A.B. asks: 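What follows is a single structure, and I will ask about it in a moment.
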Amino acid sequence: MRIIKAGVLDTVQDMGRYGWQHLGINPGGAMDKLSAQLANILVGNHLDEAVIEMHFPASAFFFEQPSLIAFSGADFSATVNGEEVPCLRPVLVSKYSILQFHRIEKGARAYLAVHGGLDMPAWLNSRSTHLKAGAGGYNGRALQKDDEIGFRNPVDLCHLLGKKEFEALPWKTDSNWGDDNSAKEILVLPGNEWNQITDKSKEQFFEQAFLITNQSDRMGYRLKSKPLSTITHEEVVSSAVGFGTVQLLPDGQLIVLMADHQTTGGYPRVAHVISAHHSRMAQMKPGDLFIFRFTNQQTAEELFIKQQQHLLQLQNACKFKLDELLNK
Amino acid sequence: MNSAIPSYRIFPLGDAAVTIDFGNVIDDTINQKVLALFYQLSNDPLQGMIETIPAYSSITVCYDIYNTSKKKPAGKTVYEFISEQLHLRLQQPVPEKETASELITIPVCYEKEFAPDMEHLAGEKNITMEEVIHIHTSKQYRVYMLGFLPGFSYMGEVDDKIAMPRKTQPVNVAAGSLGIAGKQTGIYPLASPGGWQIIGRTPLKLFNAEKETPTLLKAGVTVQFISISKNEFENY
């Protein structure tokens with residue numbers, strides 16, 4: 001497939017690059033890993049196959065061969081050859097189809113998976129784009145106009161479409177985020193430096209809503225609220241941080257570290273967003289308000305395990321349907 | 001050589017990592033313990049472990065919640081299960097690996113063009129720029145950890161005569177820039193916003209994605225800086 005119009009920041013991402021944090025190389029990977037996995041499931045890929053992570057305005061794609069695609073995460077109102085196509089459904093597109101995205105219906109990041117996977121070399125065992133290092137993904141950079149991406153395991157799909165330009169297959173998955181009233185609530189676990197903030201700041205942490213500012217990207221979200229303060233100014237020597245770590249900056253504001261976070265840091269770690277809510281966090285955008293609520297280790301683990309089990313069940317179900325279709 | 005277990009504290013870093021903290025200090029002996037544990041865990045990983053992040057005085061073990069949950073006994077959280085295994089590991093003496101033996105020489109041009117904060121630092125510390133260079137190059141530094149950016153090395157400790165706090169606001173820093181923050185010294189392998197006081201630049205590539213091991217430095221090695229001229233820098 002070919003990029004016929006570049007998006008604002010569209011990169012190739014997978015589940016991340018692990019085993020190199022001791023050298024300062026952060027894992028990166030999709031911001032919303034849950035959605036990236038859903039897109040892969042819909043087209044019959046492995047869960048950790050590379051996908052394209054898109055921000056709005058997103059790229060436009062030209063398919064040089066019939067392809068089986070799916071998008072998940074944010075709803076950017078997609079069309080194939082001008083006709084609307086649904087999210088979270090596998091879609092067969094014919095040769096010479098054009099896929100475009102028109103507006104943000106909801107969410108912040110959309111994922112495009114292609115049956116057979118994106119063909120590009122892995123760097124340190126991952127196809128995730130590491131923008132800072134200029135490595136991984138598509139030449140270590142965001143996608144640009146005229147980039148050509150091949151498929152790793154192309155499958156001949158010509159016979160499935162007949163004369164149709166595209167067809168959404170009759171199965172789908174749920175989005176798992178942002179649909180209910182609890183969407184604006186982010187569950188966190190206390191951080192090691194939680195007790196460095198004053199009692200009043202602790203109350204504020206739970207009582208006020210936090211605004212995601214424009215200074216928010218794949219590295220982290222800068223939040224805006226009434227400033228929080230620390231009891232002491234005890235220096236923390238640099239130590240590990242992770243996806244979801246909530247740090248208190250010297251100006252009293254918080255930052256939530258996201259996929260491209262640095263590996264270590266010295267600011268007080270007041271909390272950590274639970275893994276099961278990373279997806280929800282990744283779909284929030286500047287201007288959104290949310291609240292923090294504490295949970296415990298056990299609940300955090302259970303929620304994540306449930307999410308993972310759900311994915312595996314979907315994977316089995318989709319694989320069954322897809323095998324049926326491709327072998328008929 | 002075996003050694004006694006230093007006192008430590010274990011705490012969760014969210015729901016998918018656990019940190020063993022030996023005391024929130026910059027100390028050679030403690031950092032050696034951290035690295036010894038890093039090598040031990042790399043050679044013999046815990047069940048469910050993804051990787052570890054060694055730092056100054058702590059090491060963090062990242063684990064896979066879902067896969068570990070299938071191996072843990074019922075009634076325990078994954079965190080408890082991982083922590084118990086770590087406590088057990090820490091009961092056994094960790095063989096110390098001699099990591100400090102490797103000496104790496106890094107040429108640095110301390111001339112004005114590459115050292116935007118040199119004049120300010122010298123002024124604040126009431127010494128000449130030549131003295132800053134002399135002091136900075138007259139001792140060897142231990143690389144305590146890599147972090148922040150791919151290949152960014154945290155080295156120490158610089159003489160009090162040239163120690164200076166980092167800037168309050170980060171500025172754009174060129175790749176190869178050598179900085180000082182407090183008693184730490186380090187090199188930015190990539191261009192990046194940063195707050196360290198920049199006093200020079202190395203022509204060496206500290207990060208190279210093409211290489212099997214993409215970073216020039218690793219925790220535990222010793223670094224000696226040598227001063228080079230602008231001419232030498234450009235022809236390096």
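Protein chains get the first letters and strands the later ones, always in sequence-line order, with residue 1 at the start of each. Note that this is a predicted model, so its numbers are computed, not measured.
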A.B. asks: If you count the non-hydrogen atoms of other residues, nucleotides and ligands that lie under 6.0 Å from CG in A:Asp251, is the total more than 12?
C.D. replies: yes
A.B. asks: Are any non-hydrogen side-chain atoms of B:Tyr66 and A:Gln309 less than 4.5 angstrom apart?
C.D. replies: yes
A.B. asks: Working to the nearest 0.5 Å, report the span between OG of A:Ser238 and CD1 of B:Ile53.
C.D. replies: 12.0 Å
A.B. asks: Give, as side chain, backbone, both or neither, the part of A:Leu312 having an atom under 4.5 angstrom from any heavy atom of chain B.
C.D. replies: side chain
A.B. asks: Above 12 or not: heavy atoms from other molecules or residues under 6.0 Å from NZ of B:Lys205?
C.D. replies: no
A.B. asks: Nearest 0.5 Å, what's the CZ-CZ distance between B:Phe11 and A:Arg269?
C.D. replies: 4.5 Å
A.B. asks: On a heavy-atom basis, which atom in B:Pro214 and which in A:Trp20 lie closest, and how many Å separate them?
C.D. replies: CD-CZ3, 4.3 Å
A.B. asks: Does atom CE of A:Met120 have more than 12 heavy-atom neighbours, drawn from other residues, nucleotides or ligands, at distances under 6.0 Å?
C.D. replies: yes
A.B. asks: Side chain, backbone, both or neither: which part of A:His261 has a non-hydrogen atom closer than 4.5 Å to chain B?
C.D. replies: neither
A.B. asks: Looking at B:Pro189, B:Pro150, B:Ala55, which has the largest count of heavy-atom pairs under 4.5 Å with chain A?
C.D. replies: B:Pro150
A.B. asks: Please say whether more than 12 non-hydrogen atoms of neighbouring residues, nucleotides or ligands are located less than 6.0 Å from NZ in A:Lys224.
C.D. replies: no
A.B. asks: Heavy-atom pairs under 4.5 Å with chain A: which of B:Phe207, B:Phe148, B:Tyr79 has the most?
C.D. replies: B:Phe148
A.B. asks: Distance from A:His130 atom NE2 to B:Leu190 atom CG, nearest 0.5 Å?
C.D. replies: 8.0 Å
A.B. asks: Using a 6.0 Å cut-off, check whether atom NZ of B:Lys71 has over 12 heavy atoms from anything other than its own residue.
C.D. replies: yes
A.B. asks: Contact part of B:Glu212 toward chain A, heavy-atom cut-off under 4.5 Å: side chain, backbone, both or neither?
C.D. replies: backbone
A.B. asks: Can you find a pair of side-chain heavy atoms, one from B:Asp21 and one from A:Ser239, that are under 4.5 Å apart?
C.D. replies: no
A.B. asks: Is B:Ser58 in contact with chain A via its backbone, its side chain, both, or neither, using a 4.5 Å heavy-atom distance?
C.D. replies: side chain
A.B. asks: In terms of heavy-atom pairs under 4.5 Å with chain A, which of B:Thr168, B:Val78, B:Asn208, B:Ile50 leads?
C.D. replies: B:Val78
A.B. asks: Let me see the working for A:Asn192 and B:Arg9 under side-chain contact (heavy atoms from CB on, under 4.5 Å), right down to the final yes or no.
C.D. replies: CA-CA 11 Å; A:Asn192 189 50; B:Arg9 204 164 64 81; 2.8 Å; yes
A.B. asks: Is there side-chain contact between B:Asp15 and A:His272, with heavy atoms separated by less than 4.5 Å?
C.D. replies: no
A.B. asks: Determine the minimum heavy-atom distance between B:Gly14 and A:Gln297, stating which atoms define it.
C.D. replies: O-NE2, 2.9 Å
A.B. asks: What part of A:Val241 gets within 4.5 angstrom of chain B, counting heavy atoms only: side chain, backbone, both, or neither?
C.D. replies: backbone
A.B. asks: Is it the case that atom NZ in A:Lys319 sees more than 12 heavy atoms from other parts of the structure closer than 6.0 Å?
C.D. replies: no
A.B. asks: Assess the residue pair B:Thr213 and A:Leu23 against the criterion (side-chain contact (heavy atoms from CB on, under 4.5 Å)); give the C-alpha distance rounded to whole Å, side-chain angles, the decisive distance to 0.1 Å, and a yes or no.
C.D. replies: CA-CA 9 Å; B:Thr213 303; A:Leu23 298 180; 4.2 Å; yes
A.B. asks: Could you pull out the closest heavy-atom pair between B:Ile65 and A:Ser275, with the gap in Å?
C.D. replies: CD1-OG, 3.8 Å
A.B. asks: About how many Å separate CG of B:Asn24 and CD of A:Glu193, when rounded to the nearest 0.5 Å?
C.D. replies: 8.0 Å
A.B. asks: Return the CD to NZ distance between A:Glu301 and B:Lys72, rounded to the nearest 0.5 Å.
C.D. replies: 7.0 Å
A.B. asks: Got a second to check how far A:Gln308's CD is from B:Ser69's OG, nearest 0.5 Å?
C.D. replies: 9.5 Å
A.B. asks: Do other residues, nucleotides or ligands put more than 12 heavy atoms under 6.0 Å from A:His46 NE2?
C.D. replies: no
A.B. asks: Using non-hydrogen atoms and a 4.5 Å limit, figure out which bit of A:Phe304 sits close to chain B: side chain, backbone, both or neither.
C.D. replies: side chain
A.B. asks: Under 4.5 Å heavy-atom distance to chain A, tell me which part of B:Ala17 shows up: side chain, backbone, both or neither.
C.D. replies: neither
A.B. asks: Should the heavy atoms of other residues, nucleotides or ligands under 6.0 Å from NZ of B:Lys70 be counted, would the total exceed 12?
C.D. replies: yes
A.B. asks: Would you call B:Pro12 and A:Leu189 a side-chain contact if the rule is heavy atoms closer than 4.5 Å?
C.D. replies: no
A.B. asks: side-chain contact (heavy atoms from CB on, under 4.5 Å) with A:Thr264: which of B:Tyr154, B:Phe152, B:Tyr56?
C.D. replies: B:Tyr154
